[in-house]
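In what follows, chains carry the letters A, B, and so on, assigned in the order in which the sequence lines appear, proteins first and then strands, with residues in each chain numbered from 1.
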2 protein chains.
Amino acid sequence: MSERIADRLRDQLEQDILTGTYAPGDRLDEVNLARRFEVSRTPIREAFQHLAASGLVDLKPRRGAFVRRPSISEIIEMFEVMAELEGMCGRLASRRMTVSQTAELNEALEACEAACSRGELDTYYYANERFHFLVYSACGNGYLCAQATALHRRLKPYRRLQLRVRGRVRRSLAEHRAIVDAIVNERPQEAEAILKSHILIQGEGFNDLVAGLEREKNGFAETG
Amino acid sequence: MSERIADRLRDQLEQDILTGTYAPGDRLDEVNLARRFEVSRTPIREAFQHLAASGLVDLKPRRGAFVRRPSISEIIEMFEVMAELEGMCGRLASRRMTVSQTAELNEALEACEAACSRGELDTYYYANERFHFLVYSACGNGYLCAQATALHRRLKPYRRLQLRVRGRVRRSLAEHRAIVDAIVNERPQEAEAILKSHILIQGEGFNDLVAGLEREKNGFAETG
DNA sequence: ATCCTGCTTCCTGTATACAAGAACCTTGAC
DNA sequence: GTCAAGGTTCTTGTATACAGGAAGCAGGAT
């Protein structure tokens with residue numbers, strides 16, 4: 001309850017940016033936000049610093065805070081790094097995973113399967129997220145886990161688009177099964193390779209993503 | 001000249017922490033620093049936020065800012081990630097590097113060789129740094145380049161210790177030659193593998209690093 | 001003697017005040 | 001009518017004021 005105001009604001013603003021309440025390019029007005037949250041500008045500014053650190057806003061000196069609009073190529077670059085980190089997590093996890101973590105991973109996989117068979121896209125989305133976070137934390141490298149988790153969060157809004165692609169969920173699920181198989185049977189190279197391509201969404205999947213992004217961008221432009 | 005005070009403070013404090021002026025575990029007193037820099041607490045606190053974001057200080061609520069003392073296992077974890085990122089940079093660079101970047105890399109390699117043959121450790125250190133930064137920027141992925149550069153900077157104080165190990169410079173140089181060879185002759189897998197192990201300093205080199213860290217830690221304790 | 005408790009003091013977190021720079025509007029000139 | 005220059009207003013960056021929690025110390029109880 002004694003949580004700092006600035007921390008609460010950071011979480012709230014992050015949420016608002018990721019969900020699109022504030023669109024890319026928008027300027028975040030300190031005074032307006034201070035009024036809206038009924039606090040002074042000080043914690044608002046502090047929250048801005050955090051958001052800038054995680055790359056969500058651009059802090060232009062004497063100009064203010066602007067919601068960042070990563071270019072498509074930037075997003076692709078981030079996915080490329082995400083693929084490498086995920087692959088690394090999988091490789092390490094297949095060597096270092098504990099018994100209880102294996103059980104959790106299987107549980108998460110089953111949750112994915114259940115959501116898929118029921119056709120519940122949102123449920124699948126969260127089960128999928130849990131699955132990946134489990135792989136991160138199973139890698140046995142706290143720093144890597146933190147980095148992977150942060151980047152995953154950063155890519156959240158774009159990752160969502162992937163699932164809208166026809167047949168993506170079913171293919172994603174099949175890959176999850178292969179990943180678990182490789183990890184629990186200690187085939188690190190294979191776990192790494194599958195996770196990498198799982199993220200990279202090569203071929204047509206990738207183009208679908210780009211197309212989705214363009215559509216999203218236009219949508220933003222209309223509302224903005 | 002119209003640089004923000006907070007930015008200047010951040011750079012200064014970062015310098016002071018990395019060079020050991022403030023030792024790990026030290027508490028950074030807002031009021032003292034404000035007096036020392038002849039500014040108010042506001043920009044000091046802003047600088048703290050930045051330092052916390054880059055992992056240099058720990059911001060404990062209602063307690064203050066403390067210089068982080070990464071545990072040895074944390075440092076090892078960071079090196080493990082660094083190795084992966086460097087390997088990725090090399091792999092991508094071997095496919096994407098431009099002609100002018102190749103020339104620059106060869107130049108940097110020659111600078112390393114010159115420094116090594118003259119036995120100038122400090123010169124080698126900087127030539128080595130330039131070499132690695134060139135690989136990062138040659139990877140063609142701006143996000144990756146930024147992440148690798150940031151982590152490299154973060155590991156700077158520990159990386160320095162590696163070079164003190166007997167014979168490390170000569171071996172490092174040989175690896176550099178092999179890296180350039182693999183990159184310019186477009187053997188991405190090889191470039192990745194060599195760079196990875198180049199960072200990981202396997203075997204005895206690794207133990208030497210840990211020993212050096214322990215010595216450094218004790219040194220800090222004595223001065224503090 | 002040691003530990004607990006309450007007080008005091010100090011420091012952080014937040015609010016507010018102030019100064020300087022940027023944007024915008026108006027007005028005048030071409 | 002358009003463009004530029006100057007001033008006005010608004011916003012950010014920094015300083016200061018204030019409030020609440022944390023650490024340290026003293027005094028009493030066991």
Side-chain angles (χ1 to χ4, degrees), chain A residues 1-17 21-69 220-221 223-224, chain B residues 1-17 21-70 220-221 224:
Chain A
M1 59 175 170
S2 72
E3 196 190 29
R4 294 169 25 137
I5 295 177
D7 292 348
R8 187 170 50 81
L9 289 173
R10 174 174 51 76
D11 292 344
Q12 180 66 52
L13 289 173
E14 185 177 294
Q15 190 88 2
D16 288 350
I17 290 173
T21 305
Y22 296 113
D26 280 3
R27 174 169 159 282
L28 298 178
D29 190 285
E30 294 180 359
V31 180
N32 280 346
L33 288 171
R35 259 203 296 272
R36 175 182 152 194
F37 291 110
E38 295 180 309
V39 296
S40 78
R41 283 172 50 223
T42 310
I44 301 272
R45 288 175 60 81
E46 195 172 312
F48 282 0
Q49 306 290 337
H50 283 265
L51 294 173
S54 50
L56 284 173
V57 306
D58 218 1
L59 241 43
K60 301 185 184 175
R62 294 254 172 225
R63 300 285 311 279
F66 296 82
V67 178
R68 274 207 63 184
R69 181 204 304 277
F220 278 147
T223 57
Chain B
M1 56 178 165
S2 73
E3 196 190 29
R4 295 170 26 142
I5 294 178
D7 292 347
R8 187 169 51 81
L9 289 174
R10 173 175 50 76
D11 292 344
Q12 180 66 52
L13 290 173
E14 185 177 294
Q15 190 87 3
D16 288 351
I17 291 173
T21 304
Y22 297 112
D26 280 3
R27 175 169 160 279
L28 299 177
D29 190 283
E30 294 180 359
V31 180
N32 280 345
L33 288 171
R35 259 202 296 272
R36 175 182 153 195
F37 290 109
E38 296 181 307
V39 296
S40 78
R41 282 173 51 225
T42 311
I44 300 272
R45 288 175 60 81
E46 195 171 313
F48 282 0
Q49 305 290 337
H50 282 266
L51 294 173
S54 49
L56 285 173
V57 305
D58 218 1
L59 241 43
K60 301 186 184 175
R62 294 251 173 225
R63 300 284 312 281
F66 296 82
V67 178
R68 276 207 61 185
R69 182 204 304 277
F220 277 148

Distance in angstrom units between B/E38 CD and D/dT14 P, rounded:
16 Å
In whole Å, I'd like the distance from the CG atom of A/D7 to the P atom of C/dG13.
9 Å
Under the rule for side-chain contact (heavy atoms from CB on, under 4.5 Å), what residues qualify as partners of B/S54, not counting sequence neighbours?
B/L56
Would you indicate, yes or no, if [N] has its OP1 or OP2 atom less than 4.0 angstrom from a side-chain nitrogen or oxygen of [X]?
X     : N      : value
B/S40 : D/dA15 : yes
A/T42 : C/dT14 : no
A/R45 : D/dT11 : no

Looking at CZ of B/F48 and CG of B/L28, how far apart are the two atoms once the value is rounded to the nearest 0.5 Å?
4.5 Å
Mind listing the closest non-hydrogen atom pair of A/A34 and A/I44 along with its distance?
N-CD1, 3.7 Å
For a quick check of understanding: with a heavy-atom distance under 4.0 Å over all strands, which category does A/R41 fall into, base, sugar-phosphate or nothing?
base
Mind checking if A/R63 touches a base, just sugar-phosphate, or nothing, with heavy atoms under 4.0 Å?
sugar-phosphate
Output one line per pair: protein atom, nucleotide atom from nucleotides 5-10 of chain D, and distance, for all N/O pairs under 3.5 Å.
none

Looking at residues at least two apart in the chain, or sitting in another chain, which of them share a side chain to side chain donor-acceptor pair (under 3.5 Å) with B/E30?
B/R41, B/R45
Side-chain touch B/R69/B/V67, heavy atoms, less than 4.5 angstrom:
no
Tell me which one of A/I17, A/L51, A/D58 satisfies side chain to side chain contact (heavy atoms under 4.5 Å, CB included) with A/R68.
A/D58
I want to confirm an ordering. Mapping B/A65 and A/R62 to their closest nucleotides on DNA chain C, which one lands closer to the 5' end?
B/A65
